[in-house]
Amino acid sequence: MTHDRPYPTLSEATLIWARIGLFSFGGPAGQIALMHRILVEEERWLGERRFLHALNYCMLLPGPEAMQLAVYIGWLTHRTRGGIVAGVLFVLPGIVAIMVLSWVYALYGDVGPVEALFFGLKAAVLAIVVQAVIRIGTRALRNAAMLAIAAASFVAIFVFGVPFPLIILTAGAIGYLGVRAGLAAFRGGGGHGGLGRPEVDDTETLLGEETPEHTRVNRGWALRISSVLLVLWLAPVALLFALAGPAHVYSQIAGFFSVMAVVTFGGAYAVLAYVAQEAVQNFGWLAPGEMLDGLGMAETTPGPLIMVTQFVGFMGAFREAGGLPPLLAGTLGGLLTTWVTFAPCFLWIFLGAPFIERLRGNATLTAAMTAITAAVVGVILNLAIWFGLHVVFDEVRTITGGGIDMEVPVLGSLDVAALVLVTLAAIAVFRFRLGPMTVLAVSAGLGIAMGLGGLA
């Protein structure tokens with residue numbers, strides 16, 4: 001272990017995690033890169049191998065991997081309190097920002113300039129989602145088997161409306177059976193790609209190579225902390241169902257997003273396809289265009305992209321306020337959504353982290369993750385097309401029958417202004433390789449200009 005500087009106190013670490021939380025823009029890849037730069041390269045709390053090992057574990061879990069990586073490293077460096085501090089500070093700026101924007105949207109969303117602003121953001125979001133499809137697909141679809149899984153996943157969800165969790169479970173089972181059969185196509189793993197050649201050796205860091213005492217397998221600690229977290233997560237859900245009934249909007253929010261927290265493998269973009277399918281089509285909490293507006297908020301604020309779920313919960317409760325003032329109902333709905341979305345993340349880390357070494361090199365888990373990642377590509381492609389239909393066309397119609405359940409555009413409802421803006425955003429992303437924040441800012445500005453000029 002490096003002894004030339006003192007080990008940081010929890011107070012000192014809190015300032016580092018606050019800095020990471022405030023500047024965690026750019027989606028999971030950008031957030032992971034930020035943590036790597038600060039924690040590995042600058043602070044040298046841990047080395048390259050330990051960081052990647054933690055990242056690989058978080059990739060196996062449902063939920064936002066970047067946030068869970070923060071919890072893991074916080075726990076690794078400062079035990080349970082460190083993990084809680086890291087996780088809370090990672091999402092807190094996003095919680096505040098999305099809540100403020102949700103209030104603005106609910107109050108002024110139909111005001112011309114605000115409406116034009118979100119009109120511009122939708123075009124940028126669509127281009128960014130398409131870029132995500134290509135980026136993840138290039139990494140994940142390395143052979144014919146993975147390509148076939150991705151294609152089947154897309155057809156299943158786009159044409160037949162198969163639920164996202166079933167697609168993920170099926171892909172995982174295919175990966176498991178593939179590696180058990182000894183098929184070479186199922187060897188390998190997912191992830192966000194390499195972070196570069198190892199530059200910081202574990203021996204040169206504060207944690208060093210040795211295993212800290214609190215990270216060794218302790219079943220008693222894992223069961224105690226997991227029990228507490230399980231109660232904190234599910235007790236409010238059970239209470240809502242008991243007092244308000246399953247049909248109440250708060251019960252629906254708590255139940256739906258609790259299920260989502262368990263089955264949402266594959267990152268934020270894959271999760272959004274599931275959220276959009278259920279929140280828009282089944283629950284009717286918001287319209288397709290509003291889902292894009294929420295994603296625009298999440299793209300332009302710090303924190304995980306999955307923070308868009310807070311906006312979804314806010315709008316659902318805002319519109320079904322019952323006897324409460326709508327803004328108060330929406331605020332409570334948004335906070336409830338955030339609680340049941342992120343509370344399980346702490347559970348997964350604190351329960352699994354002490355046993356993480358048993359997962360190292362596990363061929364079966366690696367194969368399942370490889371197949372799931374391939375399926376996620378198809379799901380995200382569905383998301384991109386779904387978004388595209390609702391951005392570029394004012395009307396879509398649903399084709400059903402014979403097991404088919406898919407949306408197609410009404411060609412006469414083409415929005416030329418939206419198509420122009422989407423084309424410009426795509427050129428900015430793919431031709432000039434501008435960053436997400438730049439594309440979002442420029443598109444928002446163009447949207448406002450087109451709105452004021454009567455073109456949108």
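Index from 1, following the sequence. The basis for the numbers below is simple: all heavy atoms, side chains too, and nothing from hydrogens, waters or symmetry mates. Because the structure is a prediction, the values reported are computed rather than measured.
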Taking the side chain as every heavy atom from C-beta outward, state whether [X] and [Y] have any atom pair closer than 4.5 Å.
X: M146; Y: F186; answer: yes
X: F90; Y: Q68; answer: no
X: I128; Y: L440; answer: yes
X: L89; Y: I20; answer: no
X: M315; Y: W285; answer: no
X: L335; Y: M99; answer: yes
X: W75; Y: I84; answer: no
X: Q131; Y: I134; answer: no

According to side chain to side chain contact (heavy atoms under 4.5 Å, CB included), who are the partners of [X], at least two apart in sequence or on a separate chain?
X: V133; value: I380, L381, A384
X: W45; value: P8, A13, I16, W17, L39, E43, T77, L206
X: S226; value: L347, L351
X: V231; value: A235

What's the separation between atom [atom1] in [X] and atom [atom2] in [Y], rounded to the nearest 0.5 Å?
X: F318; Y: L286; atom1: CZ; atom2: CG; answer: 12.5 Å
X: I157; Y: I385; atom1: CD1; atom2: CD1; answer: 11.0 Å
X: F257; Y: L336; atom1: CZ; atom2: CG; answer: 9.0 Å
X: M67; Y: L61; atom1: CE; atom2: CG; answer: 11.5 Å
X: L117; Y: L446; atom1: CG; atom2: CG; answer: 11.5 Å
X: S153; Y: I372; atom1: OG; atom2: CD1; answer: 11.0 Å

With sequence neighbours left out, write down each residue that passes salt bridge (Lys or Arg N to Asp or Glu O under 4.0 Å) with R19, or none if nothing qualifies.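 Salt bridge (Lys or Arg N to Asp or Glu O under 4.0 Å) list for R19, sorted by chain: E42.
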Mind checking what makes ring-ring contact (aromatic ring centres under 6.0 Å, His included) contact with Y176, not counting sequence neighbours?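 Result, ring-ring contact (aromatic ring centres under 6.0 Å, His included) vs Y176: none returned.
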Taking only residues two or more places apart in sequence or in another chain, which ones pass ring-ring contact (aromatic ring centres under 6.0 Å, His included) with Y250?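 Applying ring-ring contact (aromatic ring centres under 6.0 Å, His included) to Y250 gives H248.
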Which heavy atom of [X] sits nearest to which heavy atom of [Y], and what is that distance?
X: P236; Y: L232; value: CD-O, 3.3 Å
X: G313; Y: I253; value: O-CD1, 3.6 Å
X: V377; Y: A150; value: CB-CB, 4.3 Å
X: G87; Y: V71; value: CA-CG2, 3.6 Å
X: P64; Y: P304; value: CB-CB, 4.2 Å
X: A86; Y: A70; value: CB-O, 3.3 Å

Checking the side chain of [X] only, and the main-chain atoms of [Y] only, is there a donor and an acceptor separated by less than 3.5 Å?
X: Q252; Y: F283; answer: no
X: T301; Y: I98; answer: no
X: S24; Y: G21; answer: yes

Pair up each side-chain donor or acceptor in residues 418-437 with any protein partner under 3.5 Å, not counting sequence neighbours, and list the distances.
| unit_1 | atom_1 | unit_2 | atom_2 | d |
| --- | --- | --- | --- | --- |
| T423 | OG1 | L419 | O | 2.8 |

For I306 and F342, run side-chain contact (heavy atoms from CB on, under 4.5 Å): C-alpha distance rounded to whole Å, both residues' side-chain angles, the deciding distance at 0.1 Å, then the answer. CA-CA 10 Å; I306 197 59; F342 291 103; 3.6 Å; yes
Applying the side chain to side chain contact (heavy atoms under 4.5 Å, CB included) test to F51, which of L76, T205, I32 qualifies?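 Answer after filtering L76, T205, I32: I32.
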Could you list the donor-acceptor pairs under 3.5 angstrom formed by side chains in residues 289-296, with sequence neighbours left out?
| unit_1 | atom_1 | unit_2 | atom_2 | d |
| --- | --- | --- | --- | --- |
| E290 | OE1 | A287 | N | 2.8 |
| E290 | OE1 | R319 | NH1 | 2.8 |
| E290 | OE1 | R319 | NH2 | 3.4 |
| E290 | OE2 | R319 | NH2 | 2.5 |
| D293 | OD2 | Y105 | OH | 2.5 |

Walk me through whether V379 and F154 qualify under side-chain contact (heavy atoms from CB on, under 4.5 Å). CA-CA 6 Å; V379 173; F154 170 74; over 6 Å; no
Mind jotting down which residue pairs meet the side chain to side chain donor-acceptor pair (under 3.5 Å) criterion with at least one end in residues 334-348? Sequence neighbours excluded, please.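 Listed by first then second residue: Q310-T338.
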Within residues 88-104 or reaching into it, pairs that qualify as side chain to side chain donor-acceptor pair (under 3.5 Å) - sequence neighbours excluded: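 Every side chain to side chain donor-acceptor pair (under 3.5 Å) pair that includes a residue of residues 88-104, provided the two are not neighbours, is W103-T331.
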Check the orientation of H390 and W386. Use parallel for under 30°, tilted for 30 to 60°, and perpendicular for over 60°.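 The arrangement is tilted - the two ring planes meet at 30° to 60°.
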With under 30° as parallel and over 60° as perpendicular, where do the rings of F346 and F350 fit, or are they tilted in between?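 Tilted: the ring planes of F346 and F350 meet at 30° to 60°.
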Sequence-distant partners of R180, side-chain hydrogen bond (donor to acceptor under 3.5 Å, both in side chains), two or more places apart: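 Applying side-chain hydrogen bond (donor to acceptor under 3.5 Å, both in side chains) to R180 gives none.
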Residues F314, L327; criterion side-chain contact (heavy atoms from CB on, under 4.5 Å); working and verdict: CA-CA 9 Å; F314 179 97; L327 285 176; 4.1 Å; yes
Before you tell me yes or no, could you show the steps for M260 and T309 under side-chain contact (heavy atoms from CB on, under 4.5 Å), namely the whole-Å CA-CA distance, both residues' side-chain angles and the distance that decides it to 0.1 Å? CA-CA 10 Å; M260 189 199 73; T309 57; 4.1 Å; yes
